[in-house]
Number of protein chains: 2
Amino acid sequence: MKLDSEHLEILAAIVEQGGLTEGAEALGKSQPSVSRSMALLEARIGLPLFEPGRRPLRPTELGASLARLGSRIHRANKEASLLVQRYRQGLAGRLRVGGSPIFMDGVVASMIAEFQSRHADVQIDQSYGYLNQLEAGLRNGGLDVAILPLHPGQVPPDLEFTPLLSGNNVITCRAGHPLTRTRGITLNHIAPYAWIAPPIDSPLYRDLQRALKSIGQEDFRVNFSGGTLASIQSVLTGSDALTVLPYSVVFLSRRTIPLEALPLKIDHAERQLGILRVSDRQLPPAVRQLTTFLLAECQRLQARMDHDQQITRRRG
Amino acid sequence: MKLDSEHLEILAAIVEQGGLTEGAEALGKSQPSVSRSMALLEARIGLPLFEPGRRPLRPTELGASLARLGSRIHRANKEASLLVQRYRQGLAGRLRVGGSPIFMDGVVASMIAEFQSRHADVQIDQSYGYLNQLEAGLRNGGLDVAILPLHPGQVPPDLEFTPLLSGNNVITCRAGHPLTRTRGITLNHIAPYAWIAPPIDSPLYRDLQRALKSIGQEDFRVNFSGGTLASIQSVLTGSDALTVLPYSVVFLSRRTIPLEALPLKIDHAERQLGILRVSDRQLPPAVRQLTTFLLAECQRLQARMDHDQQITRRRG
DNA sequence: GAGCTTCATAGCATGACGCTATATTACGGC
DNA sequence: GCCGTAATATAGCGTCATGCTATGAAGCTC
C-alpha cells in the first residue's frame with residue numbers, strides 16, 4: 001500500500017512543530033485541513049499516529065518514525081523546488097556551447113569564465129566545430145548554442161543568428177615585427193614572410209586565401225598550420241611569420257601576448273561573430289542568461305575596439 | 001512554489017524506465033494518467049522536462065535532475081510503507097513493559113529474550129513497579145502493558161487483565177538444604193531458619209507474612225531483604241535461609257540455580273500472574289504479538305509445572 | 001511512406017483537499 | 001471538581017487532480 005508523501009510531510013510538520021495547529025500554520029494550511037489529512041492517513045494505515053486523548057497532539061512511536069521519513073521527503077521536495085527556481089533564473093543547469101576554435105579560444109572562453117564566476121552552478125560543456133557540425137549539433141540537441149562567424153545569408157531557415165561582433169580579419173604579426181615599423185605597407189613588403197595557417201578545412205583558412213588574394217598575393221608560403229590559437233600565438237610571437245586572425249581575437253590577445261595588427265586593408269567576408277541557435281526551441285534559462293551576458297560583453301568589447309581603432313588610425 | 005512529490009516520483013519512474021509507457025506500467029497506472037501528470041508538472045514549473053519531439057521520451061537536464069530527487073522521495077516513501085507493514089505485523093516498534101520485579105526477572109525476562117530473537121526490530125523498554133505504579137503508567141501512556149500477579153477482584157474497571165500463570169507461592173531453599181531431606185515438615189522444623197524477604201513494600205513481602213502466619217509462624221527473623229531476584233538467589237544458594245517465591249520462578253530458576261521448593265502447603269492469595277492493560281486502548285501490534293507470545297509460553301510452562309508437581313507429589 | 005510504437009487529448013466519474021463555521025474534548029487554574 | 005481557554009474534530013460545500021477508456025497525433029523503423 002502506497003502512502004501519500006504529502007501526508008507524511010504534514011505529519012512531519014506537526015511533529016516538528018509540536019502540535020497540529022502549529023503544524024498547519026507552518027504549512028500555510030487551515031487546521032481542519034491538516035486534521036483531516038491526518039485522519040485519512042491514520043485510516044489508511046489502520047494504526048494510530050498520535051497518542052489518543054492528548055491535547056497538544058503527541059505522536060506514537062510509529063507516528064514519530066513516519067514523521068522522520070516525512071521530513072526526509074520534505075527536504076527532497078524542497079530541494080527540487082529550489083533547483084527549479086535556480087534553473088529558472090539561469091543559475092543552475094548544464095549548458096553545451098559549440099563554436100569555431102579560434103573565436104572560442106580567443107574571445108568566448110574568457111567571457112565564459114567571467115560568466116561562470118557569477119553563475120557557479122552552471123556546468124558548461126564546450127566543444128569545437130565548424131558550421132556543418134555545429135548545425136547538426138544544434139538540430140540533434142547535442143548543443144544548446146553555437147558561436148561562430150557567419151554571413152547573414154548563410155543562416156539556415158530553421159536556425160536563428162544573433163550577431164555579437166564584427167568579424168573582420170586582420171593580418172597579424174608579433175609586436176616589434178619589422179613590418180610594424182613600415183609605413184604604407186604594400187604587397188612587396190609582405191611577400192618575403194612566411195604564413196601561419198589555421199586548419200585547411202576551417203573558414204579562417206579560406207579567409208586567409210581570400211585576404212591574400214585581395215591584396216594580390218595569390219601564392220603564399222605556409223610554415224605552420226593546424227594549430228589552435230595557443231599554438232598560433234606561440235609561433236607568431238616566436239617568429240616573423242604572419243597570419244590572418246579576427247581583429248577581436250588580436251585585440252583581446254594583446255592584453256597578454258605581444259601581437260600587432262598590420263594597418264593593411266584586406267578583403268573579408270561580410271561575416272559577423274554571433275550566436276546560432278534553433279529558432280523554435282525554448283532554451284534553458286541558463287543558456288538565455290549566457291547569450292544575454294555574451295551580448296553585453298561583446299557590445300563593450302566592440303566599443304573598445306572601435307575606440308582603439310580610431311586612435312590607431314589617427315596615429316597611423 | 002511547492003512541487004507535487006507524486007509528480008516527481010512519476011518523473012523518476014519514467015526516466016528510470018526509459019519511457020512514459022514503461023514508466024506508467026511500472027507505476028501501475030494508465031499511460032494517459034502519467035502523461036497528464038507530467039504535463040501538469042511541466043506547466044507548473046514552466047520549463048520543459050523532456051526533450052521536445054523525441055519519441056522514446058528523453059528528459060532534459062532539469063528533468064533528469066528532478067528525477068533524481070523524485071527517486072529519493074520514492075525511496076523514502078517506500079521505506080515508510082515498509083515500516084508500516086512491519087509495524088502492523090508486530091515486527092517493529094517500541095514496546096514498554098512494566099512488571100513486578102520478581103516475576104519480570106524470574107519468568108518474563110527469558111520469554112522476552114526469546115520473543116526478541118524472533119522480532120529483532122522490536123525495541124523493548126522494561127521497567128519495574130507494583131500495582132499502583134503500573135496502573136499509573138498504563139493510564140498515562142508510559143506503559144503499553146504491565147505484568148504482575150493480581151487477584152481477579154483487584155482489577156480496576158478501566159483495565160483488563162489476562163491471566164498467564166497461577167501465582168501460588170512456595171517456601172524455597174537451596175538444593176541440599178537440611179529441610180529437603182526432612183519428611184513431614186512442620187513449623188518446628190522451619191523455625192530455626194532465617195528468612196530472606198523481598199522489599200517491604202512489595203506484595204510478595206505481604207505474601208511471606210501471610211504464608212508464615214498460615215503455618216503458625218507469626219514472628220520470623222529476616223536476615224536479608226530488599227534485593228532483586230538475582231540477589232535473593234545468591235543468598236539463598238549460599239546459606240540455609242528460606243524465602244517465599246512464586247512457584248513458577250522457582251521452577252524456572254532451577255534450570256540454572258540449585259533451588260528447591262519445600263513440600264509444605266502454605267496459604268496464598270488467589271492471585272494469578274497476568275498481563276494488565278488499558279481495556280479500550282488499541283494496542284500496537286508488537287504489543288499484541290508479545291502478549292500472544294507470552295500467553296503461549298506460559299501455557300507451556302504451566303503444563304510443565306503441573307506435570308512436574310504430579311511427579312513430585314507421587315514421589316514425595 | 002506504411003505500419004508500428006509512443007505519446008497526447010477528450011470526456012467523464014470519483015475522491016482528495018481547500019476553506020469557513022461549529023461542535024467536541026483536553027488542559028490548567030482556582 | 002468546575003470553568004474558561006485552547007486544541008482538535010466534524011460538517012458542508014466548491015474546486016481541482018486523478019483514475020479510467022477511447023481516440024487522435026506524431027516519431028521511429030524498415
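Every heavy atom of this structure was used, including side-chain atoms; hydrogens, water molecules and symmetry mates were not. This is a predicted model, so every value here is computed, not measured.
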In residues 64-85 of chain B, which residues come under 4.0 Å of DNA chain C by heavy atom?
none
Excluding sequence neighbours, so at least two apart, what forms side chain to side chain donor-acceptor pair (under 3.5 Å) with A:R72?
B:E79
Applying side chain to side chain donor-acceptor pair (under 3.5 Å), name anything that partners A:K78, two or more places apart in sequence or on another chain.
none
Heavy atoms of chain B, cut-off under 4.0 Å: which first and last nucleotide of DNA chain C, 5' to 3', fall inside that, if you could look?
C:dT6 to C:dG11
Which residues within residues 14-26 of chain B lie with some heavy atom under 4.0 Å of an atom in DNA chain C?
B:G19, B:L20, B:T21
Salt bridge (charged side-chain N to carboxylate O under 4.0 Å, His left out) partners for A:R96, two or more places apart:
A:D144
Where protein sits on nucleotides 18-30 of chain D, one letter per nucleotide: B base, S sugar-phosphate only, - none, heavy atoms under 4.0 Å
BBBBB---BSS--
B:E51 meets the salt bridge (charged side-chain N to carboxylate O under 4.0 Å, His left out) criterion, sequence neighbours left out, with none
Looking at residues at least two apart in the chain, or sitting in another chain, which of them share a side chain to side chain donor-acceptor pair (under 3.5 Å) with B:E25?
none
Please identify each residue that fulfils salt bridge (charged side-chain N to carboxylate O under 4.0 Å, His left out) with A:E6, with sequence neighbours left out.
A:K29, B:K2
For B:F115, enumerate each residue passing the ring-ring contact (aromatic ring centres under 6.0 Å, His included) test, keeping only those at least two apart in sequence or located in another chain.
B:H119, B:F293
Per the end-axis method with five pairs at each terminus, what is the bend angle of the helix from C:dG1-D:dC30 to C:dC30-D:dG1, to 10°?
60°
